[in-house]
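So the structure is just underneath, and the comments pick up after that.
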Amino acid sequence: MPRPNGKGVPTVLEKFIENMAKFVIYQVLPRLFGNYNTTNKHAGTIEENGCGKFNSFTPKALKAIKSLGVTHVWYTGVIEHATKTNYSAYGILQSHPAIVKGQAGSPYAIKDYYDVDPDLAENVDRRMEEFENLVQRTHASGMKVIIDFVPNHVAREYHSDMKPRGVADFGEKDHPEWAFSPLNNFYYLPGEQFAPQFDTEGYNEFPAKATGNDVFNASPGINDWYEAVKLNYGVNYANHGEKQFDPIPDTWHKMLDILLYWAGKGIDGFRCDMAEMVPVEFWSWVIPQIKNAFPGVIFIAEVYNPAEYRNYLCNGKFDYLYDKVGLYDTLRNVTSRNHPVRNITFAWQQLGGIENQMLNFLENHDEQRIGSGFFCGDGMYAQPAMIVAATLTQAPVMIYFGQELGELGMDNEGFSGLDGRTTLFDYWGVKSVQAWANKGKFDGKDLTDEQKELRAFYKRLLNTTLKEKAITDGVMYDLEYANYDNPKFNSHEQFAYFRKYGNELLLVILNFHDKYLDTEVRIPPEAFQFLNLKENEHYTCTNLLDPSEQFPIVTLGSGTPFRTNIPAWKGKIIKLKKTNKKVAYVPATIDKP
């Protein structure tokens, strides 16, 4: 396939990224990222509150993102979705406002799989060209592009204005008198009028279709995905989930064409929304076909049922899965002081060997901001948790735009209320991102000192994550239980582990406590055996998160604990290098605050 740079072979940088064992994703909503309007009127229109554009991601903006250590940008909300903003002058069918969430609408209520969101274009008539240029700019900056693939549901008024010739719309050839048929794209409720539990202001749907979150009746509630309808992949939910996959259901073929369409535009990966609501047989059918046509494209599944993890990895052919109910929930509870730190050990052990195929994160568009009053009230407090997410395994790691700035998410934007999340549904300006962007200069001029410090932490951590082979390719040895009864190591508040690759050795020590700690880490004989290390050898030490910190030469042995001190809510990634110098061990020290 042609390369984004127009050449027939990958660039050196592209080869580097393609061969990486670990990568870093930056999730961002273009609608919000490039919006420098500070009006922020509750439930404001696009004219009142403004909107970011594809061209907001200038080479300077992309360079600033990449400097964090980012390898992949997940542009959220690219594909056209239902909105209250009227683009009928451009030949785009207007959505009924009663079934649109917020003024801007949900990026997951897809209205046209073959088009991009007109909100994001400076020139609406050339919106696809503007997106294609964004893909090229992102590649030119040395990063790859991920977009959402939303397979489970579409907007209630799905209508493609831009579908290729010969392509039929979803539902165009359905038999709505049939409640279920593998020939249909939707599930119907014959003879029933769509009648949700709230006023729909004259919206008419007859017969009613099943709602996106598997509501198979005509009356979804306000908390259901009422803006979306469920797609039919040949599973008869009314008959105990009977699967009718022979012949291949029509929806499968439509989705294959859609994935090929976007991969053909240079997309490097798909984050697949609510993948477990779509039968695994579809994924095992479609993903190999996409990879055959576009080798190197990755698929990330949003799956929340751990019992299905291996099914979607092995049978579904996914590359990676969200680790929301495992490591995310654990790290959130540890940071919020609800669970002991030793639960981190349980989290990775429960994955039983697939931990490197999980996508680790502390924020995304669905979750509450770390800095919000619903999480821990300050983005600085999540530093040790973020170190774990980034370095515990070889798995990729993701941050959500503004996370590196301590964004609070405590705005009452409109449809999205005061819930600790950054809105998906409203036109809005994100204050921390605006302060960093400084109207396109991306110099961080208007950031507070604390925001600058936090961003510097993320920059050091994420770049370290990519550079150290012990993290990208190495093994991990958990030291938690070796220190369970250690009076100088509180397993309720501290965590430690080794990462090793070849002769490269890292010791990670974390403080999940609001107090400065003097601590020691015991290293059991089993660790030396597992890591193929000799006892009582001497090492120089460097804290990769703070190279200015001074350490003496240390001796590692099962009878010689590693001593150090760590400020509240901080962590150290200590690089140990063997040395022939023999200096008596003196505990590493730093000035107490």
Side-chain angles (χ1 to χ4, degrees), residues 2 4 6 28-37 44-62 73 75-97 100 102-141 145 147-150 154-170 172 254 257-267 424-429 439-440:
V28 59
L29 272 76
R31 177 197 296 161
L32 304 181
F33 176 84
N35 184 15
Y36 307 142
N37 186 321
T45 64
I46 190 171
E47 291 80 13
E48 293 169 323
N49 282 352
C51 183
K53 306 293 181 182
F54 290 132
N55 65 8
S56 302
F57 294 90
T58 61
K60 183 175 288 188
L62 292 167
V73 183
Y75 294 109
T76 302
V78 164
I79 300 178
E80 184 190 335
H81 56 268
T83 177
K84 290 179 183 176
T85 303
N86 190 346
Y87 289 102
S88 58
Y90 300 92
I92 298 173
L93 185 69
Q94 177 63 19
S95 298
H96 194 290
V100 176
Q103 290 291 331
S106 168
Y108 297 97
I110 301 297
K111 192 171 74 172
D112 186 348
Y113 273 112
Y114 290 99
D115 204 357
V116 295
D117 181 6
D119 278 348
L120 305 179
E122 287 288 354
N123 184 332
V124 176
D125 283 329
R126 303 180 68 176
R127 57 193 179 275
M128 186 60 76
E129 179 184 343
E130 291 187 24
F131 172 68
E132 291 167 344
N133 289 339
L134 171 60
V135 174
Q136 292 175 8
R137 286 197 305 278
T138 306
H139 288 157
S141 74
V145 174
I147 66 169
D148 287 285
F149 174 53
V150 187
V154 295
R156 295 209 87 93
E157 294 182 299
Y158 182 89
H159 176 77
S160 177
D161 305 301
M162 299 299 292
K163 61 183 181 292
R165 182 176 297 178
V167 172
D169 260 351
F170 285 97
E172 184 177 326
K254 282 185 166 64
D257 290 344
I258 288 163
L259 284 166
L260 289 170
Y261 174 82
W262 288 104
K265 292 189 177 295
I267 302 304
L424 277 178
F425 313 104
D426 305 283
Y427 298 110
W428 202 254
K439 297 182 179 179

(message) To check you understand the geometry: which heavy-atom pair defines the closest contact between I79 and I147, and what is its length?
(response) CD1-CD1, 4.3 Å
(message) Do the side chains of E130 and R127 get close enough for a salt bridge, i.e. N-O under 4.0 angstrom?
(response) no
(request) Check for a donor-acceptor pair, side chain of E129 on one end and backbone N or O of R126 on the other, with a separation under 3.5 Å. (result) no
(request) For the residue pair V78 and D148, establish whether any side-chain heavy-atom pair is separated by less than 4.5 Å. (result) no
(request) Report the C-alpha distance between F54 and Y75 in whole Å, list the side-chain angles of each, state the deciding distance to 0.1 Å, and finish with yes or no for ring-ring contact (aromatic ring centres under 6.0 Å, His included). (result) CA-CA 10 Å; F54 290 132; Y75 294 109; 8.0 Å; no
(request) Keeping the roles fixed (side chain from S56, backbone from G52), state whether a donor-acceptor pair exists under 3.5 Å. (result) no
(request) Would you check if there is a donor-acceptor pair between the side chains of N35 and Y427 at a distance under 3.5 Å? (result) no
(request) Indicate yes or no: at least one non-hydrogen side-chain atom of F57 is less than 4.5 angstrom from one of P30. (result) yes
(message) Please determine whether side-chain contact (heavy atoms from CB on, under 4.5 Å) holds for the pair T76 and V28, giving the CA-CA distance in whole Å, both sets of side-chain angles, and the decisive distance to 0.1 Å.
(response) CA-CA 6 Å; T76 302; V28 59; over 6 Å; no
(request) Find the distance between CD (Q103) and CD (E47) and round it off to the nearest 0.5 Å. (result) 9.0 Å
(message) Under 4.0 Å between a side-chain nitrogen and a carboxylate oxygen: does that hold for D112 and K163?
(response) no
(request) Give the minimum heavy-atom separation between A104 and D426, together with the two atoms involved. (result) CB-C, 4.0 Å
(request) Check whether any side-chain N or O of R137 sits under 3.5 Å from a backbone N or O of T58 as a donor-acceptor pair, and report yes or no. (result) no
(message) Assess whether a salt bridge exists between K265 and E132, defined as any Lys/Arg side-chain N lying under 4.0 Å from an Asp/Glu carboxylate O.
(response) yes
(message) Measuring from atom CG of N55 to atom CG of N133, what distance do you get when rounded to the nearest 0.5 angstrom?
(response) 9.5 Å
(message) Any heavy-atom pair between the side chains of L62 and T138 that's under 4.5 Å?
(response) yes
(request) First locate atom NE2 of H159, then atom CD1 of I92, and finally report the distance between them rounded to the nearest 0.5 Å. (result) 10.5 Å
(message) With a 4.0 Å cut-off on N to O distance, would you call K53 and E122 a salt bridge?
(response) no
(message) If you compare all heavy atoms of K60 against all heavy atoms of G440, which two are closest, and at what distance to 0.1 Å?
(response) CD-O, 3.6 Å
(request) Please answer whether the main-chain N or O of I110 pairs with a side-chain N or O of E80 as donor and acceptor at a distance below 3.5 Å. (result) no
(request) Measure the CH2-OH distance between W262 and Y113 for me, rounded to the nearest 0.5 Å. (result) 11.5 Å
(request) Please step through side-chain hydrogen bond (donor to acceptor under 3.5 Å, both in side chains) for the pair D119 and Y87, ending with a clear verdict. (result) CA-CA 9 Å; D119 278 348; Y87 289 102; 2.5 Å; yes
(request) Any chance you could measure I46, atom CD1, to N86, atom CG, to the nearest 0.5 Å? (result) 11.5 Å
(request) First locate atom SG of C51, then atom CG of L120, and finally report the distance between them rounded to the nearest 0.5 Å. (result) 5.5 Å
(request) Please confirm whether the backbone N or O of T85 pairs with a side-chain atom of T83, one donor and one acceptor, at under 3.5 Å? (result) yes
(message) Whether the side chain of R31 engages the backbone of L424 through a donor-acceptor N/O pair (distance < 3.5 Å, no angle test) should be reported.
(response) yes
(request) For the pair Y261 (side chain) and Y114 (backbone), establish whether a donor and an acceptor sit closer than 3.5 Å, ignoring hydrogens and angles. (result) yes
